[in-house]
Amino acid sequence: MSIVLDLGGLGPADVAVGPSPLSELMASLHVLAEPEHHPEAVVWAARAAAAGPELGDELSMFAPLWARFRCRLFFPRTVPLAASLDEELAAIADLRAEDFLELVAPGILGTTAQSVPPIRELRAGTAASQDYERRCLRRSYARGELARQLVTAPLELRDRLLAVLRAADIAFFAEDWRTLRPPLEEHAREVRRRLSALPQRSAGGTPISLRSPADVLTELLPTAARVGPGERVRLDKLQIDEVKVAPRPLVLVPSARVWPHLTVKHEHPSCVVVQYAARGTTPAGELTLRDLHHRLMALTSPARMELCRHLLGEPITTSELAARLGSSEPQVSRALRTLRDAGLVRSTRDGKLVRHRLATDVIQRLGQDVLATVAR
């Protein structure tokens, strides 16, 4: 499953890159709400929760807004990007009721905007609003209660949400952001340099074309790949969709807390946003869905699993493995090749001999790799 971004028609000037404190706050609140997705952040999450224990009930109430389907309200809608959280919160405070409804209603339901009734019909007492509330309630009590409040008094809900976000900023986020912001801004500057690099020439004087936005996006995201003709990039996501970005700008938002998730928001007419884990904030060797499949399939064979048990100790040669298993060397070689191609076995040459050993660090990470790939 994947979402494909068609970046045809975009130039470097059509791509905005920079951290968003509001999006980072949302990612942080997601970690607090669903810590089982983020074992790498368990120490930070415990510290942040302890810093604001009085916020627990309010954060639980609004948690659907920063669940897996992130509410569009928390992502940039203007270019250039806002410079501070205060500016982003002020922009929310200025929203009209209809605009707030449009941005928040899909997030409460936890699905695309196409599944939500037209905003003009989301008024208290209408059949459309009652159906919307029932659908939210079927998902959870928290979603149903948020939907009721949104339909009944959208601006009151807006102000209550703003109060919670400001309290979270005071309790733990402002201090955290002072540490996170500088490396994220440096990362964004590096991405902008890649997009705006001066043309170069080969040794023969032939111009070398600049990296396109599609090239840069593929370099940034380990699980992204160019596909088909044109400037199309496939992102490993649960969604199945193809999005034509232009004439809207593309906004790239690096994050220190979003991993293992990759968020793509394209429903708003203002811009298409990709929030991704910045360099240095992810474990090494992030897997694509295909790589994970190969790794798991390599372990489904009883014969290969038995071979892994022998490889767990000291390095061992193919001939010795064949002798231990009562198998032929070609059969063992084929099994080793499958495991090695999946990254589960490492082979090293020792003179004329090649010795093999199980990549125990890879095996140990496999559980977290599965969770990270599923959660992406």
Side-chain angles (χ1 to χ4, degrees), residues 19-71 73-75 84-86 88-89 107-108 110 139-143 145-146 160-187 222 253-263 275-287 361-376:
S20 159
L22 180 60
S23 297
E24 193 71 8
L25 173 56
M26 173 208 59
S28 301
L29 293 174
H30 170 80
V31 173
L32 289 178
E34 302 184 22
E36 66 277 7
H37 293 179
H38 300 269
E40 79 291 345
V42 62
V43 174
W44 173 85
R47 187 170 65 248
E54 71 284 355
L55 291 173
D57 290 343
E58 286 289 86
L59 291 179
S60 294
M61 172 191 163
F62 284 106
L65 297 182
W66 41 78
R68 181 168 190 145
F69 184 88
R70 311 299 174 87
C71 181
L73 181 73
F74 301 111
F75 294 93
S84 68
L85 181 62
D86 285 342
E88 293 180 303
L89 295 181
I108 293 177
R139 296 210 59 192
S140 73
Y141 174 80
R143 291 182 188 274
E145 180 60 18
L146 278 176
R160 185 175 175 184
L161 173 60
L162 285 169
V164 172
L165 296 175
R166 291 188 174 109
D169 181 44
I170 294 170
F172 61 85
F173 182 72
E175 180 181 357
D176 200 34
W177 185 239
R178 280 193 288 273
T179 301
L180 299 179
R181 181 177 180 173
L184 291 177
E185 289 183 336
E186 175 55 34
H187 171 88
V253 180
S255 168
R257 297 275 181 234
V258 73
W259 189 88
H261 307 291
L262 170 68
T263 303
Q275 186 187 29
Y276 64 97
R279 179 188 61 251
T281 66
T282 66
E286 190 173 4
L287 296 180
D361 57 323
V362 176
I363 299 291
Q364 288 173 336
R365 284 202 317 266
L366 195 52
Q368 186 165 334
D369 286 339
V370 172
L371 178 59
T373 306
V374 171
R376 190 178 298 137

Exercise. Sequence neighbours excluded, which residues qualify as side chain to side chain donor-acceptor pair (under 3.5 Å) partners of E34?
Worked result: H37
Problem set entry | Heavy-atom side-chain proximity of V164 to M61 below 4.5 angstrom | no
For this session: With sequence neighbours excluded, tell me which residues meet side chain to side chain donor-acceptor pair (under 3.5 Å) with D169.
Result: none
Exercise. With sequence neighbours left out, what residues match P21 under side-chain contact (heavy atoms from CB on, under 4.5 Å)?
Worked result: L85, E88, F173, W177
Exercise. Would a distance-only check, ignoring hydrogens and angles, find a side-chain to backbone donor-acceptor pair under 3.5 Å from Q275 to V258?
Worked result: no
Exercise. When the ring planes of Y276 and H187 are compared, do they come out parallel, tilted or perpendicular, using 30° and 60° as the limits?
Worked result: tilted
Seminar exercise, completed: Rounded to the nearest 0.5 Å, the CG atom of L184 sits from the CG atom of L180 at a distance of 6.0 Å
Problem set entry | Set of residues satisfying side-chain contact (heavy atoms from CB on, under 4.5 Å) with respect to A171, sequence neighbours excluded | L55
Exercise. At their closest point, which heavy atom of R143 faces which heavy atom of A67, and how far apart are they?
Worked result: NH2-CB, 3.8 Å
Exercise. Nearest heavy-atom pair of S23 and V253: which atoms, and what distance?
Worked result: CB-CG1, 4.2 Å
Problem set entry | Residues which pass side-chain contact (heavy atoms from CB on, under 4.5 Å) with E145, listed by chain and number, not counting sequence neighbours | Y141, R148, Q149
Problem set entry | Nearest atoms (heavy-atom pairs only) where V31 meets A45 | CG1-CB, 4.3 Å
Seminar exercise, completed: When rounded to the nearest 0.5 Å, the distance separating CG of L29 from CG of L65 is 10.0 Å
Exercise. Taking only residues two or more places apart in sequence, or in another chain, which ones meet I170 in a side-chain contact (heavy atoms from CB on, under 4.5 Å)?
Worked result: none
Exercise. Taking H38 for the side chain and W259 for the main chain, is one N or O donor matched with an acceptor at less than 3.5 Å?
Worked result: yes
Exercise. Taking only residues two or more places apart in sequence or in another chain, which ones pass salt bridge (charged side-chain N to carboxylate O under 4.0 Å, His left out) with R166?
Worked result: none
Seminar exercise, completed: All heavy atoms of L25 vs all of A168, minimum pair found to be CD1-CB, 4.3 Å
For this session: Identify, with sequence neighbours excluded, every residue that meets salt bridge (charged side-chain N to carboxylate O under 4.0 Å, His left out) alongside E175.
Result: none
Exercise. Quick one: ring pair (Phe, Tyr, Trp, His ring centres under 6.0 Å) partners of F75, sequence neighbours excluded?
Worked result: none
Exercise. Are I108 and F69 close enough that some pair of their side-chain heavy atoms sits under 4.5 Å apart?
Worked result: no
Exercise. With a 4.5 Å limit on heavy-atom distance, are the side chains of F74 and T263 in contact?
Worked result: no
For this session: Using the side chain to side chain donor-acceptor pair (under 3.5 Å) rule, collect all pairs that involve residues 52-66, keeping only residues at least two apart or in two chains.
Result: E58-R160
Exercise. Rounded to the nearest 0.5 Å, how far does CG of L146 lie from SG of C71?
Worked result: 10.0 Å
For this session: Check side chain to side chain donor-acceptor pair (under 3.5 Å) between E24 and all other residues, then give those that pass, not counting sequence neighbours.
Result: S255
